> 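This structure is in structure tokens; I'll ask about it shortly.
Owing to the predicted nature of the structure, the values given are computational and were not obtained by experimental measurement. So that the names make sense, note that chain A is the first sequence line, chain B the second, and so on, each numbered from 1. Just so it is clear, the values below take in all heavy atoms, side chains as well, and ignore hydrogens, waters and symmetry mates.
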Amino acid sequence: MLDAARIRTDFPLLRQQENKHRIVYLDNAATTQKPQAVLDALANYYRTTNANVHRGAYDLAIRATEAYEAARSRVARFVNAWAPEGVVFTRGTTEAINLVAGSYGRANVRAGDTVVVTAMDHHSNLVPWQILCQEKGATIRMVEITEDGRLDLSDFGRALERRPKLVAFPYVSNALGTINPAAQLARLAHAAGAVVLVDGAQSTPHLRVDVQALDCDFYALSGHKMLGPMGSGALVAKPALLDAMPPYHGGGEMISRVWDDHSTYNQLPHKFEAGTPNVEGAVGLAAAIDYLEGIGLDRIAEHEVALAGAAIEQLSRIEGVTVYGPRDHRAGVVSFTYGDIHPHDIATILDQDGVCIRAGHHCTQPLMRRLNVAATARASFYVYNDRDDVTALTTALAKAGALFGYVPA
Amino acid sequence: MLDAARIRTDFPLLRQQENKHRIVYLDNAATTQKPQAVLDALANYYRTTNANVHRGAYDLAIRATEAYEAARSRVARFVNAWAPEGVVFTRGTTEAINLVAGSYGRANVRAGDTVVVTAMDHHSNLVPWQILCQEKGATIRMVEITEDGRLDLSDFGRALERRPKLVAFPYVSNALGTINPAAQLARLAHAAGAVVLVDGAQSTPHLRVDVQALDCDFYALSGHKMLGPMGSGALVAKPALLDAMPPYHGGGEMISRVWDDHSTYNQLPHKFEAGTPNVEGAVGLAAAIDYLEGIGLDRIAEHEVALAGAAIEQLSRIEGVTVYGPRDHRAGVVSFTYGDIHPHDIATILDQDGVCIRAGHHCTQPLMRRLNVAATARASFYVYNDRDDVTALTTALAKAGALFGYVPA
Amino acid sequence: MDTSRPEPQLSALYQELILDHYRRPRNKGTLEGATHSVALNNPLCGDEIDLQLRLEGDVIKDVRFIGRGCSISQAAASMMTQVVKQRRLADALALADRMSAMMHGDEAAARDRTLGDLRALAGVAKFPVRVKCAMLPWNALKDAVKS
Amino acid sequence: MDTSRPEPQLSALYQELILDHYRRPRNKGTLEGATHSVALNNPLCGDEIDLQLRLEGDVIKDVRFIGRGCSISQAAASMMTQVVKQRRLADALALADRMSAMMHGDEAAARDRTLGDLRALAGVAKFPVRVKCAMLPWNALKDAVKS
Ligand SMILES: Cc1ncc(COP(=O)(O)O)c(C=O)c1O
Ligand SMILES: Cc1ncc(COP(=O)(O)O)c(C=O)c1O
């Protein structure tokens, strides 16, 4: 286990009080808190380096460009990208996936084609494909899940029989915590002739990721879910694929020559980064990666698995609580319901003790329908959580039980 | 004139040295430096308020949502938007324009239609329309400029005879400093049946903007050019137009109901804000607006006009220097060339004295062709610049003249 | 430093009467012969209500709802159907305004007897994010008669 | 606190010889009977070069360029044409590597006489953003013979 109490001292927000309680922040799958090191990186950037990138002939602009490109290389190393120019900075996972749908998808998916997604995909890895398929007259094929919240591999196989143009799935489910066998899925999809997009929003913060080992084609991630600033994220892709793709946004920086009625485009990755990029976001994300690697991704994964295990164990002992998702091959996300207490009521009650959890459909409405619930309560863990937080969760939950008459007050 | 020396003390970066000189930052049209108030707003947000917005039932998430929505209202008030829900946060002007081209444009521009742009548009307000027109088989019609760098109004009139679907132009030119008669252009374009997009990247930081008085339909702005964080910006639009537009990015937050193969969409502005937004960016932009309004936009405009006037006056006295753009109705952007000294060489030489200017085509290649230059040197002023900076510019320029043999060393 | 709001009262929020309406909703189901209906959801939390009315002249003769969501939204819907049934539409809409006032902390509204059981929801005012839940059925009512 | 790099030498950058090549470029124009040609630009600054070669066997028999850009890129192009003309291609490409080494601060390369006038560009190494300018013609050469 990590020394979470020590780690918490690095996080200014977690030193605050909430409703007179220490903040027990268990909504890490939504977004994470930021360590002082990341806040310092942002402030330092603005104090010493800020300028627009790539076009300045003065020293400040050169330093800004270097900081920005160093951040790109940092992200590339972190996920073992094919090349730094295969890292395109975006606002987050959602924009990265929309970039692929809007550029690769529009250029390659045709009427009658199939795009495969899964019943556990986040709306951000579903709606862009729905929009694309509607526009093109193509079909969405959603792979079903098993009773215990894993991908149904035989249904995945059946979906591949349609020889889809593209297969998209989450590495880790944000609603169930399931870790999907991403490398195996990518191999099967490639064998069926599909291009593979992995939604890495929940895997990048929590596991050691190697996109080359996964051998996917596109990989999307969000900086704000891994201690980085809001508004940071990336698409990581095979450069040859990016090279062949039409541009996404038009504008400054992504061009080579601009004529009155047409243009030629810049090389990678600039072709996909129109306009002034979020340099601050990139720099902050690089600092977050430094922080995470300082702890070690393997240790982080181990820590979260232990906390999730403890939470599942304690929650399962409460009569009336149902925990969703698989028991193993899972990350630190625990979704549950408690009798007929609506998850929103649970969240409101827990908040009075400073325990922050999410309640709702977690942007996975198709999954909720399959689980036959409208919403769940979800606790998700990170480096600064520990067993005390699990206890705070279950203790506060007992109050909810008492208010709703499940257990004596 | 503003007390720029006082104002500079609010800007940590401007207190640094560059090549042993005080930094004379004259690249404000590219991006601006940030006052301590904005850096504090960012740090405070992360220290006290950070959470994902809109879906949290706990207090922290509510405060984050309130901060984000308060920033939206702040931007709305600043430019007198039609309604707060007519403000869609984007990464900057480029993304805002691409949103309009990708959503409104794709839905409304058809084969044979015309989109009107101007010869002084930034690539970000040109390339998206080129891409759209290529996709749709529509035509770009570029309005010419006059000798002294204004829009040619009679050519604008001729362009409108084609009854374009959309007319796009910059309120203020980033390369020439020209202030276009935006309200008049919008009125003419509307009379011809067009929808009007105003590129406000260079006007929002420097003039008092009232989008309802302009009566445009879409207005794009960048936060980082007005003291706000990198990665912040907005599209401001008439809500009825936004309402009728198809979504832009698919993903979390922009949906209402998600089924396996289709979805219904959320109300404004959420429909256009898929995924986790850059809350930090919005909060920082609001703080920047507070800072700017603390000074007063009218005083800012006056200050810049005075500096640009002084710069033009002093530059014009140097033999061999050519200043581009009009002499009046202009903002604080001064483009020039100096004999056969390439602008890049000028920028390199000035940088040795800590004077930061931009050299290049300023993302306006069609304009450069019309000016018959490959590049210009550009000094652009803001609240923290003063007459000393103008002197620093011309003094350093004399060194360039000496190195290249124009004036005795 | 405590930057959060003062601690509101959980027990004031989750009163017996609210849980009773949540668990034994009144007027739940489909209404035969409805003249007006609307389906509304709260995009922020996913709570849903499908409201059906039978208006005769300007009187709400009958009302039913189907819904899913938290105790607050579902109890509010159940309570609302009780107080608006057999009432004139104008009076029902006036009650919507009273309800809104109460949700925004108006103490006089919270003592208004015409709100009936709904006064039990006064505690929601302390939980801003739940105000939308309590108002969901009332917004549905307004929407339904607008169309 | 000075966070910037130490001040480089402007006069080392803008030497007489460089300005001379900038203003009176050698081998500028179009080459009749070119066997290889390429147009390259530096997307960061917009500097352009259009390079044309006539190879006979493995010897660069003639070379011309057309270009627009800063003194560094244009002088570098002019100087390059001088040293590669009549040279074997392999030797010219080896010179490209020497040039690149010099641009990255290699002092031995800066003393290599085979670079001819190009040694005047050694000062560019202190201005990282201008290194791309100095290398533009050499990158064009490599591109031209690759195709
Ligand atoms: C007139 C104009 N339009 C558009 C842009 C693009 O803005 P951004 O890079 O912030 O997207 C700029 C700034 O570079 C500009 O000056
Ligand atoms: C699995 C998954 N995919 C995509 C997203 C969207 O990420 P973002 O909101 O950062 O764009 C999220 C986070 O909400 C997620 O958990």
> Could you tell me whether the side chain of A/Cys133 reaches within less than 4.5 Å of the side chain of B/Asp261, counting heavy atoms only?
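Heavy-atom side-chain distance check fails, nothing below 4.5 Å.
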> Looking at B/Gln36, B/Glu95, B/Met254, which one has more heavy-atom pairs under 4.5 Å with chain A than the rest?
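Of B/Gln36, B/Glu95, B/Met254, B/Glu95 has the most heavy-atom pairs under 4.5 Å with chain A.
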> Can you tell if the side chain of B/Leu42 reaches within under 4.5 Å of the side chain of A/Tyr46, non-hydrogen atoms only?
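SC-SC contact between B/Leu42 and A/Tyr46 confirmed.
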> Less than 4.5 Å to any heavy atom of chain B: does that hold for the side chain of A/Ser232, its backbone, both, or neither?
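Neither the backbone nor the side chain of A/Ser232 comes within 4.5 Å of chain B.
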> Side chain, backbone, both or neither: which part of A/Ala201 has a heavy atom under 4.5 Å from chain B?
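For A/Ala201, no heavy atom lies under 4.5 Å from chain B.
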> Without swapping roles, check the side chain of A/Gln365 against the backbone of B/Val258 for a donor-acceptor pair under 3.5 Å.
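Flag set: sc A/Gln365 to bb B/Val258 pair under 3.5 Å.
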> Quick check for you: to the nearest 0.5 Å, what is the distance between B/His123 atom NE2 and A/Arg257 atom CZ?
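Rounded to the nearest 0.5 Å, the NE2-CZ separation comes out at 11.0 Å.
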> Please look at B/Pro343 and chain A and tell me whether the side chain, the backbone, both or neither of the residue comes under 4.5 angstrom of a heavy atom of that chain.
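No part of it gets close to chain A.
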> Once rounded to the nearest 0.5 Å, what's the spacing between atom NE2 of A/His249 and atom CZ of B/Arg91?
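The distance works out to 6.5 Å.
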> What residue, out of A/Ala43, A/Pro12, A/Pro246, has the most heavy-atom pairs lying under 4.5 Å from chain B?
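Answer, by heavy-atom pair count under 4.5 Å with chain B: A/Pro12.
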> Can you tell me which portion of B/Ile97 sits under 4.5 Å from chain A's heavy atoms? Options are side chain, backbone, both or neither.
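No part of B/Ile97 comes within 4.5 Å of chain A.
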> Please classify the contact between B/Thr90 and chain A as side chain, backbone, both or neither, with a heavy-atom cut-off of under 4.5 Å.
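For B/Thr90, backbone heavy atoms alone lie under 4.5 Å from chain A.
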> Kindly say whether A/Asn50 contributes a backbone atom to a donor-acceptor pair with the side chain of B/Gln33 at under 3.5 angstrom?
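Flag set: sc B/Gln33 to bb A/Asn50 pair under 3.5 Å.
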> If you round to the nearest 0.5 Å, how far is SG of B/Cys363 from CD1 of A/Ile255?
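A/Ile255 atom CD1 to B/Cys363 atom SG measures 6.5 Å (nearest 0.5 Å).
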> Between A/Gly275, A/Cys356, A/Gly92, A/Pro277, which shows the greatest number of heavy-atom pairs under 4.5 Å with chain B?
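With the most close heavy-atom pairs to chain B, the winner is A/Cys356.
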> Is the backbone of B/Val127 close enough, under 3.5 Å, to the side chain of A/Ser263 for a donor and an acceptor to pair up by distance?
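Side chain of A/Ser263 to backbone of B/Val127, a donor-acceptor pair under 3.5 Å: no, none is there.
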> Quick check for you: to the nearest 0.5 Å, what is the distance between B/Asp351 atom CG and A/Ile62 atom CD1?
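Here the rounded value is 6.5 Å.
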> Side chain, backbone, both or neither: which part of B/Phe89 has an atom under 4.5 Å from a heavy atom of chain A?
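The answer is neither part of B/Phe89.
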> Take B/Trp259 and A/Gln130 through the test side chain to side chain contact (heavy atoms under 4.5 Å, CB included) and record every step on the way to the result.
CA-CA 10 Å; B/Trp259 308 93; A/Gln130 290 180 345; 5.5 Å; no
> Of all heavy-atom pairs between A/Pro128 and B/Gly250, which one has the smallest distance, and what is that distance?
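Shortest heavy-atom separation between A/Pro128 and B/Gly250 comes out as CG-O, 3.4 Å.
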> Taking NZ, NE, NH1 and NH2 as the nitrogens, is one of them in A/Arg370 or B/Asp260 under 4.0 Å from a carboxylate oxygen of the other?
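Looking at A/Arg370 and B/Asp260, the cut-off is met.
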> Among A/His362, A/Arg141, A/Glu280, single out the residue with the greatest number of heavy-atom pairs under 4.5 Å to chain B.
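Most pairs with chain B among the choices: A/Glu280.
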> Using a cut-off of under 4.5 Å on heavy-atom pairs, state which of A/Asn278, A/Asn98, A/Thr348, A/Val38 scores highest against chain B.
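Greatest number of close heavy-atom pairs with chain B: A/Asn98.
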> With a 4.5 Å limit on heavy-atom distance, are the side chains of B/Tyr45 and A/Met230 in contact?
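They are in contact (side-chain heavy atoms under 4.5 Å apart), so the answer is yes.
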> Minimum heavy-atom separation for A/Ala51 to B/Thr31, with atom names?
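So the two residues come closest at C-CG2, 3.6 Å.
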> Which bit of B/Leu126 is near chain A, if near means a heavy-atom gap under 4.5 Å: side chain, backbone, both or neither?
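It is the side chain, since no backbone atom gets that close.
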> Side chains of B/Thr94 and A/Thr276: closer than 4.5 Å at any heavy-atom pair?
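SC-SC contact between B/Thr94 and A/Thr276 ruled out.
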> Please look at B/Ile140 and chain A and tell me whether the side chain, the backbone, both or neither of the residue comes under 4.5 angstrom of a heavy atom of that chain.
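The side chain, not the backbone.
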> Hey, does A/Asn52 have a side-chain heavy atom less than 4.5 Å from the side chain of B/His224?
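Yes, close enough: below the 4.5 Å cut-off.
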> Please classify the contact between B/Met368 and chain A as side chain, backbone, both or neither, with a heavy-atom cut-off of under 4.5 Å.
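B/Met368 has no heavy atom closer than 4.5 Å to chain A.
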> What heavy-atom pair brings B/Ala57 and A/Ala347 nearest, and what distance separates the two atoms?
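Result for this residue pair: CB-CB, 3.6 Å.
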> For the atom pair OG1 (A/Thr49) and CG (B/Leu13), what is the distance rounded to the nearest 0.5 Å?
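Between atom OG1 of A/Thr49 and atom CG of B/Leu13 there are 7.5 Å.
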> At what distance, to the nearest 0.5 angstrom, does CD of A/Gln134 lie from NE2 of B/His262?
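Between A/Gln134 CD and B/His262 NE2, I get 8.0 Å after rounding to 0.5 Å.
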> Sort B/Thr32 into side chain, backbone, both or neither according to what part of it lies under 4.5 angstrom from a heavy atom of chain A.
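Looking at B/Thr32, just its backbone touches chain A.
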> Find the one option among B/Gly360, B/Gly281, B/Ala274 whose heavy-atom pairs under 4.5 Å with chain A are most numerous.
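Option with the greatest count: B/Ala274.
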> Hey, can you tell me if A/Tyr25 and B/Tyr58 have their rings parallel, tilted or perpendicular (30° and 60° cut-offs)?
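Geometry flag for B/Tyr58 against A/Tyr25: perpendicular rings.
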> For B/Arg106, is it the side chain, the backbone, both or neither that has a heavy atom under 4.5 Å from a heavy atom of chain A?
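The answer is the side chain of B/Arg106.
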